[in-house]
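Scroll down for the structure; my scribbles are underneath it.
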2 protein chains.
Amino acid sequence: MTTHNAFYAQSGGVTAVINASACGVIETCRQYSDRIGKLYAGHNGIIGALTEDLIDTASESDEAIAALRYTPGGAFGSCRYKLKDIETHRSQYERLIEVFKAHDIRYFFYNGGGDSADTCLKISHLSDHMGYPLQAIHVPKTVDNDLPITDNSPGFGSVAKYIATSTRETALDIASMCSTSTKVFILEAMGRHAGWIAAAGALASEDGAGPPHMVLLPEVPFDRQRVMDHIDAAVRKEGYCVVVVSEGARYKDGTFLSDAGNTDAFGHRQLGGVSPTLAGMVKQDLGYKYHWAVADYLQRAARHLAAGVDVEQAWAVGRRAVECALEGKNAVMPAIRRDSDDPYRWSLFDAPLEEVANHEKFMPDDFIREDGYGISDAGRRYLNPLIQGEDFPPFENGLPKFARLKLERVPRKLAEYKL
Amino acid sequence: MTTHNAFYAQSGGVTAVINASACGVIETCRQYSDRIGKLYAGHNGIIGALTEDLIDTASESDEAIAALRYTPGGAFGSCRYKLKDIETHRSQYERLIEVFKAHDIRYFFYNGGGDSADTCLKISHLSDHMGYPLQAIHVPKTVDNDLPITDNSPGFGSVAKYIATSTRETALDIASMCSTSTKVFILEAMGRHAGWIAAAGALASEDGAGPPHMVLLPEVPFDRQRVMDHIDAAVRKEGYCVVVVSEGARYKDGTFLSDAGNTDAFGHRQLGGVSPTLAGMVKQDLGYKYHWAVADYLQRAARHLAAGVDVEQAWAVGRRAVECALEGKNAVMPAIRRDSDDPYRWSLFDAPLEEVANHEKFMPDDFIREDGYGISDAGRRYLNPLIQGEDFPPFENGLPKFARLKLERVPRKLAEYKL
């Protein structure tokens with residue numbers, strides 16, 4: 001059987017488990033070596049394809065590839081780079097075809113979120129619009145959980161587990177000190193557009209009672225007076241208040257707190273960060289002693305606390321992507337279907353990329369508690385299965401031991417290309 | 001044999017393993033029930049003794065006490081409250097004696113850092129100065145690692161492991177995105193007076209090469225130009241720069257960056273946070289895209305990532321404290337002696353509390369790399385053993401399952417007391 005080569009790349013913000021998807025793709029390609037020849041990884045996403053900066057995954061040992069399953073970050077380099085339309089920027093697509101031809105690449109796997117799905121979709125048009133026989137399969141990934149069609153996005157479950165765990169742990173800390181020290185603690189979670197990650201903080205409480213006392217979502221317009229009243233009530237009742245706030249928290253008019261944060265509680269410009277902005281309000285309006293944390297990249301890189309189910313799903317969508325290619329599919333994305341909540345059961349299906357790209361999934365209203373500051377039972381039923389299972393990386397000398405790849409480059413065949 | 005009762009309390013900032021010390025104290029007391037009658041825990045540290053707010057540890061099951069070993073925060077409540085001298089505030093000491101007499105308390109275990117050691121020392125004088133037969137034993141605890149005499153402080157190893165792990169994980173994240181996204185990442189670590197915790201970030205690199213590219217310690221005066229040059233050089237050479245900065249980072253004149261941070265890079269007042277202050281300088285002086293994180297309480301509450309050796313030591317100093325009491329000692333603190341670096345071996349000895357209280361241990365100069373921005377081989381030899389071993393808590397339903405105590409109060413025998 002004639003074999004052709006494949007291309008895999010990582011795109012957009014990385015996650016704790018995007019390399020588990022890489023692992024799924026590579027291990028499955030190796031299994032089908034009678035049908036897929038070489039698997040090249042693009043260095044820094046689509047930029048690697050454009051600049052012919054290709055990594056030969058064949059030089060990596062099976063052990064190194066297996067280690068990708070528990071290695072955070074993007075092992076082959078990721079990028080924030082959006083392709084324009086074929087009509088607007090035809091020369092870029094011609095360049096891609098030139099590179100793909102030169103390296104006999106007929107399978108294209110792109111591992112990313114919504115923007116990357118758009119890139120993958122455009123590339124899936126190469127065969128129809130430009131006559132180059134290519135199958136483009138998108139591999140879903142995003143901590144933001146905002147991809148449509150799929151029940152959840154690989155990457156989200158792990159960050160959700162991190163935020164819920166950190167909330168539960170810090171709540172015990174605050175509770176023990178509140179009589180003479182910090183009374184209000186604010187943890188900022190990622191999620192500029194949708195509140196999924198902050199909402200997961202609510203899982204720290206098993207039954208919705210107790211900390212966190214408040215979750216501030218982008219979906220619920222920020223009302224300073226109501227928020228301060230809620231914090232004050234918690235402090236008066238329980239002695240302390242734990243708040244999880246989404247970086248996307250915003251006022252009714254759409255202004256982000258963190259932008260408004262350019263005028264902080266003192267009316268002075270700030271460097272951003274919703275947590276300190278909110279802390280300033282607590283200081284000014286309530287006068288309580290506060291602490292705040294901004295987990296930032298720590299949350300999406302925390303492979304040491306990944307959700308087992310997230311790792312499995314990340315690997316499985318990588319594997320399924322290769323199977324899709326072998327089944328002759330184009331412009332699809334393996335998506336996760338929820339078959340049952342409890343016990344949680346899931347399976348994969350192939351979603352048309354057309355329906356995935358450029359759509360964002362927001363928290364449904366009925367996942368949000370009536371007062372707007374927590375999650376409903378429906379929200380809990382949805383979120384809870386996604387943080388299940390532990391999948392600790394191996395530790396060596398006290399620290400997680402992650403994959404070290406050789407990242408050997410494929411010799412260039414073409415002239416240099418400037419982006 | 002006549003038995004008398006004992007008092008245990010937690011004081012100062014809590015850690016991921018202070019409850020492991022509580023566990024050591026309580027389990028050992030239970031073992032010697034022929035000699036120690038009841039063990040009462042003070043609610044909120046010494047305040048619990050003053051206000052006769054005592055928790056009867058006997059109502060807790062063996063399982064609940066065993067679970068303290070893996071529960072962060074201070075299970076009995078902690079406090080920031082310093083006793084004045086016996087001369088200045090004799091009535092407070094008289095009250096303590098009143099409470100101790102009322103509940104036949106003859107053993108006093110106080111679990112805390114430097115300030116708490118001072119409180120414990122003052123109480124150890126009760127028998128000499130005020131004729132009440134009490135033995136006071138201090139149980140060491142502090143994430144800051146600034147207690148003298150002991151080779152290290154229980155609580156530090158776990159926060160060190162957290163910061164080193166988070167640095168290693170986020171460095172992989174930044175490295176994979178730096179070509180088109182964030183180039184400088186700044187992680188703020190605790191440690192207002194000494195740089196121990198930030199220094200532990202350097203362990204993320206096995207050999208001192210690679211991330212973190214820079215550690216900013218309070219012990220090394222902050223020189224903006226030099227720091228910016230160093231960051232710039234790392235970005236130019238490797239494409240990105242990871243900085244771990246101590247919250248105690250300060251200028252030559254002693255001004256904290258975070259206080260100076262009240263004037264941020266834009267000359268405007270800020271809410272504190274060294275990370276955003278430094279990020280502002282990066283923005284202004286270098287123009288690189290940056291991200292910053294402030295782990296705050298997350299780092300000292302992160303029991304899910306505790307160092308195994310830290311948990312063992314925390315438990316052991318608790319146990320030893322009870323043994324000291326049974327041996328008739330007063331005004332001592334079980335301290336850790338390092339018997340060998342590699343393989344790491346340690347043992348306990350009883351340090352005179354007089355030498356512990358009110359002294360701070362700073363990083364020795366020879367632990368700091370010559371350029372001031374990292375750790376030396378000696379520093380690495382010291383720090384590395386302290387983050388060894390994993391001791392994950394049990395997980396249930398996707399999250400760490402922590403102890404839940406009944407915290408039953410001992411009936412009051414005395415009139416109310418106002419602090």
Side-chain angles (χ1 to χ4, degrees), chain A residues 13-14 44 47 71-75 77-81 161 164-166 168-170 172-177 179-181 185 203-204 264 266 268-271 273 276 279-280 291-298 300-305 307 384 387-390 392 395 397-400 402, chain B residues 13-14 44 47 71-75 77-81 161 164-166 168-170 172-177 179-181 185 203-204 264 266 268-271 273 276 279-280 291-298 300-305 307 384 387-390 392 395 397-400 402:
Chain A
V14 295
N44 297 333
I47 293 174
T71 300
S78 186
C79 70
R80 295 204 183 276
Y81 189 85
K161 188 184 185 91
T165 299
S166 299
R168 178 174 286 187
E169 289 179 333
T170 46
L172 287 173
D173 186 309
I174 319 302
S176 53
M177 302 288 295
S179 72
T180 54
S181 183
F185 177 69
L203 298 177
D264 71 7
F266 304 104
H268 298 99
R269 181 171 174 163
Q270 264 204 292
L271 275 175
H291 258 244
W292 52 267
V294 177
D296 196 61
Y297 290 158
L298 271 65
R300 75 178 197 194
R303 181 59 184 82
H304 73 270
L305 194 58
N384 193 57
I387 66 164
Q388 299 300 310
E390 291 69 54
F392 301 113
F395 279 70
N397 204 11
L399 294 175
F402 297 128
Chain B
V14 294
N44 297 331
I47 293 174
T71 300
S78 186
C79 70
R80 294 204 183 279
Y81 190 87
K161 187 184 186 90
T165 299
S166 298
R168 179 174 285 188
E169 289 179 332
T170 46
L172 287 174
D173 185 308
I174 320 301
S176 53
M177 301 287 298
S179 72
T180 54
S181 184
F185 177 69
L203 298 176
D264 71 6
F266 305 102
H268 298 99
R269 180 170 176 164
Q270 266 203 293
L271 276 173
H291 259 244
W292 53 267
V294 177
D296 195 62
Y297 288 159
L298 271 65
R300 75 177 196 194
R303 181 58 185 82
H304 74 271
L305 194 59
N384 193 57
I387 65 165
Q388 298 300 311
E390 291 69 54
F392 301 114
F395 279 71
N397 204 11
L399 294 174
F402 296 128

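Below, chain A is the first sequence line, B the second, and so on; all start at residue 1.
The most heavy-atom pairs under 4.5 Å with chain A, out of B:His291, B:Lys161, B:Glu390, come from B:His291. Between chain A and the residues B:Cys79, B:Ala75, B:Ala307, the largest count of heavy-atom pairs under 4.5 Å involves B:Cys79. Ranked by heavy-atom pairs under 4.5 Å with chain B, the first of A:Gln388, A:His304, A:Arg300 is A:His304.
Note that the CG atom of A:Asn397 and the CG atom of B:Asn384 stand 4.0 Å from one another [nearest 0.5 Å]. Considering CD1 of B:Ile387 and CG of A:Leu399, their distance stands at 4.0 Å, rounded to 0.5 Å. Remark: A:Phe402 CZ to B:Glu169 CD distance equals 4.5 Å, nearest 0.5 Å. In this structure, OG on B:Ser78 lies 9.0 Å from CG on A:Asp173, to the nearest 0.5 angstrom.
Inter-residue side-chain proximity for A:Asn44 and B:Thr180 is flagged as unmet; no heavy-atom pair is nearer than 4.5 Å. For the pair B:Pro400 and A:Thr165, the minimum side-chain heavy-atom distance is below 4.5 Å. Annotation: side chain of A:Phe395 is in contact with side chain of B:Leu305 (closest heavy-atom distance under 4.5 Å).
Aromatic ring pairs are classed by plane angle as parallel below 30°, tilted from 30° to 60° and perpendicular above 60°; the pair B:Trp292 and A:Trp292 is perpendicular.
Contact between A:Ala295 and B:Ala293 at its shortest, heavy atoms only, is O-CB, 3.8 Å. Across B:Leu298 and A:Phe185, no two heavy atoms sit closer than the pair CD1-CZ, 3.8 Å.
If you measure heavy-atom distances from B:Ser181 to chain A, the contacts under 4.5 Å come from the side chain alone. Using a 4.5 Å cut-off between heavy atoms, A:Ala302 contacts chain B through both its backbone and its side chain. Contacts of B:Ala175 with chain A are absent, with no heavy-atom separation under 4.5 Å from either backbone or side chain. In this structure, chain A has no heavy atom under 4.5 Å from any part of B:Tyr81.
Side chain of A:Ser176 to main chain of B:Gly74: a donor-acceptor pair is present (N/O by atom type, distance under 3.5 Å, no hydrogens or angles).
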